[in-house]
Number of protein chains: 2
Amino acid sequence: MSQKTAAPSDSPEVLRLDNQLCFALYGAANRMTRLYRPLLDALGLTYPQYLAMLVLWEQSPRTVGALGDALDLDSSTLTPLLKRLEAGGLIARRRDPEDERRVIVDLTDKGRALRDRAIDVPEKLFCALDMPLDAMAALRERLKAVAR
Amino acid sequence: MSQKTAAPSDSPEVLRLDNQLCFALYGAANRMTRLYRPLLDALGLTYPQYLAMLVLWEQSPRTVGALGDALDLDSSTLTPLLKRLEAGGLIARRRDPEDERRVIVDLTDKGRALRDRAIDVPEKLFCALDMPLDAMAALRERLKAVAR
DNA sequence: TGAATTTATATCGTACACGATTAAATCGTT
DNA sequence: AACGATTTAATCGTGTACGATATAAATTCA
């Protein structure tokens with residue numbers, strides 16, 4: 001056996017890429033963002049921006065902190081993202097008069113209107129995935145469990 | 001019902017964050033990287049760098065392209081990452097004399113030696129995850145199927 | 001009250017991801 | 001041989017992620 005080239009079997013099983021749940025997760029997440037991109041480009045959104053809009057379409061206004069709780073992201077990620085959404089005219093940000101530490105994020109009319117154009121994104125992605133609905137639901141719940 | 005605040009039920013089911021497989025994927029992947037961080041900090045690696053090292057521990061040398069196929073990443077992501085691994089003394093990069101377009105990535109002694117210190121990372125992460133082994137395997141295969 | 005602590009964002013530096021473009025080397029076909 | 005098409009990495013610009021730190025407002029409590 002070659003001395004210079006490590007054959008696959010030389011690597012312990014636990015270090016094999018194929019065996020790693022986390023790599024599968026990492027790869028699938030990257031793929032997913034790439035799958036979304038063409039759909040979201042039409043809306044002028046990135047995937048994380050789309051997620052933020054989903055949260056706001058569900059309920060608005062919300063504070064930056066509440067948004068971060070929903071998305072599991074902190075302000076160092078959200079602040080620049082929200083500034084870009086604001087620059088795009090989709091949201092408005094203002095300090096909470098009740099508590100000047102908080103920043104309230106609210107949809108603009110343009111932001112609300114975008115929901116109508118986003119309504120068929122899940123359907124299109126579902127088709128692109130080509131996976132039974134119940135399998136998707138099962139996988140989703142497993143992943144939520146992983147994320148605790 | 002309020003005009004200014006959209007209640008959760010106002011958003012169509014398909015746009016609810018809770019229902020989105022992709023968000024579950026996105027969140028779980030982010031969590032996973034955060035879970036790895038303290039373990040990998042000790043090795044001086046980021047999570048994507050760790051993945052690249054896993055691939056090289058399995059087989060080296062490899063071209064940048066082969067590495068990209070294994071990780072499903074392209075050169076715009078890999079080139080800077082590999083330069084950092086090279087700067088850290090873990091790998092060496094050289095043009096393939098056979099085909100000057102290709103760049104061959106190989107482990108240094110230091111890179112090979114790092115495997116011994118990385119050997120217990122999967123075990124530690126497995127403990128942190130606290131999930132039955134067969135459930136992990138099942139989830140992993142599901143995710144690979146999603147990524148096609 | 002007022003100092004110490006906590007809380008809510010923002011800022012900064014580092015490191016991915018990825019589309020688009022570039023540049024060099026190789027290949028195919030004539 | 002020649003030259004256009006293809007392949008392989010690198011480069012560039014934009015947008016996340018996130019730890020560490022900063023800042024300011026609110027809260028606690030001595």
Side-chain angles (χ1 to χ4, degrees), chain A residues 23 25-53 61-69 71-88 93-105 147, chain B residues 23 25-41 44-53 62-69 71-88 91 93-105 147:
Chain A
F23 173 62
L25 211 46
Y26 166 84
N30 284 345
R31 284 262 177 182
M32 203 64 87
T33 332
R34 267 176 273 171
L35 213 53
Y36 266 103
R37 191 178 305 271
L39 302 177
L40 296 180
D41 276 351
L43 305 180
L45 294 175
T46 64
Y47 183 63
Q49 287 169 9
Y50 169 69
L51 291 178
M53 293 304 289
R62 295 213 204 197
T63 64
V64 171
L67 224 53
D69 288 343
L71 297 171
D72 196 14
L73 294 173
D74 77 355
S75 73
S76 57
T77 299
L78 275 177
T79 298
L81 186 154
L82 294 174
K83 282 183 177 175
R84 280 185 280 270
L85 289 178
E86 187 177 38
R93 297 182 322 137
R94 65 176 191 281
R95 286 279 164 187
D96 184 351
E98 304 281 305
D99 183 341
E100 293 278 346
R101 289 172 305 181
R102 286 200 279 260
V103 167
I104 294 176
V105 178
Chain B
F23 172 62
L25 213 45
Y26 166 84
N30 284 344
R31 284 262 179 182
M32 204 64 87
T33 334
R34 266 175 274 172
L35 214 52
Y36 266 103
R37 191 178 303 273
L39 301 179
L40 296 180
D41 275 351
L45 294 174
T46 65
Y47 183 62
Q49 288 170 8
Y50 169 68
L51 292 179
M53 293 303 289
R62 295 212 205 200
T63 64
V64 172
L67 224 53
D69 288 343
L71 297 172
D72 195 14
L73 294 173
D74 75 357
S75 71
S76 56
T77 300
L78 276 178
T79 299
L81 185 153
L82 294 174
K83 282 184 178 175
R84 281 184 283 270
L85 288 179
E86 187 177 37
I91 65 167
R93 295 180 323 136
R94 65 177 190 280
R95 287 277 164 189
D96 184 350
E98 304 281 303
D99 182 344
E100 292 277 347
R101 289 172 304 181
R102 287 202 276 263
V103 166
I104 294 177
V105 179

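Chain A is the first sequence line, chain B the second, and so forth, proteins listed ahead of strands; every chain is numbered from 1.
Using a 4.5 Å cut-off on side-chain heavy atoms (C-beta onward), B:Asp72 and A:Asn30 make no contact. Two residues are said to be in side-chain contact when any heavy atoms from C-beta on lie closer than 4.5 Å; B:Leu25 and A:Leu25 meet this criterion. Between B:Val105 and B:Leu85, every side-chain heavy-atom pair lies at or beyond the 4.5 Å cut-off.
Contacts of B:Arg37 with the nucleic acid, taken as non-hydrogen atoms under 4.0 Å apart, involve only primed sugar atoms and P, OP1 or OP2. Residue A:Asp96 is out of contact with every strand shown, counting any heavy-atom pair closer than 4.0 Å.
Atom P of nucleotide D:dA17 and atom OH of A:Tyr47 are separated by 10 Å, given to the nearest angstrom. We find that CG of B:Leu67 is positioned 14 Å from P of D:dT8, with the value rounded to whole Å. Taking atom CG of residue A:Asn30 and atom P of nucleotide D:dA17, one finds them 10 Å apart after rounding to whole Å. Rounded to a whole Å, the CZ atom of A:Arg31 is 11 Å from the P atom of C:dG19. When the P atom of C:dC27 is taken as reference, atom CD of B:Glu100 falls 13 Å away, rounded to whole Å. Atom CE of A:Met32 is separated from atom P of D:dT16 by 18 Å (rounded to the nearest Å). One interatomic measurement links the two molecules: CG of A:Leu85 to P of D:dT14, which rounds to 17 Å at whole-angstrom precision. Whole-Å rounding puts the A:Asp41 CG to C:dA17 P distance at 19 Å.
A pairwise comparison of heavy atoms in A:Asp96 and A:Glu98 identifies OD1-N, 2.9 Å as the closest pair.
For B:Gln49, no side-chain nitrogen or oxygen approaches OP1 or OP2 of C:dA15 to under 4.0 Å.
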Exercise. Which letters describe nucleotides 8-13 of chain C, given B = protein heavy atom under 4.0 Å from base, S = only from sugar-phosphate, - = neither?
Worked result: SBBBB-
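Judged by closest nucleotide on DNA chain D, B:Tyr26 is the one of A:Glu98 and B:Tyr26 placed further toward the 5' end.
Below 30°, between 30° and 60°, or above 60°: for A:Tyr47 and B:Tyr26 the angle between ring planes is above 60°, a perpendicular geometry.
The side chain of A:Arg34 sits closest to C:dG19 out of D:dA17, D:dG19, C:dG19. Considering only side-chain atoms of A:Pro48, the nucleotide from D:dA26, D:dG19, D:dA17 that sits closest is D:dA17.
From B:Leu81, atom CG reaches atom CD of B:Gln49 across 5.0 Å, with rounding to the nearest 0.5 Å.
A donor-acceptor contact shorter than 3.5 Å links the side chain of A:Arg95 to the backbone of A:Arg101.
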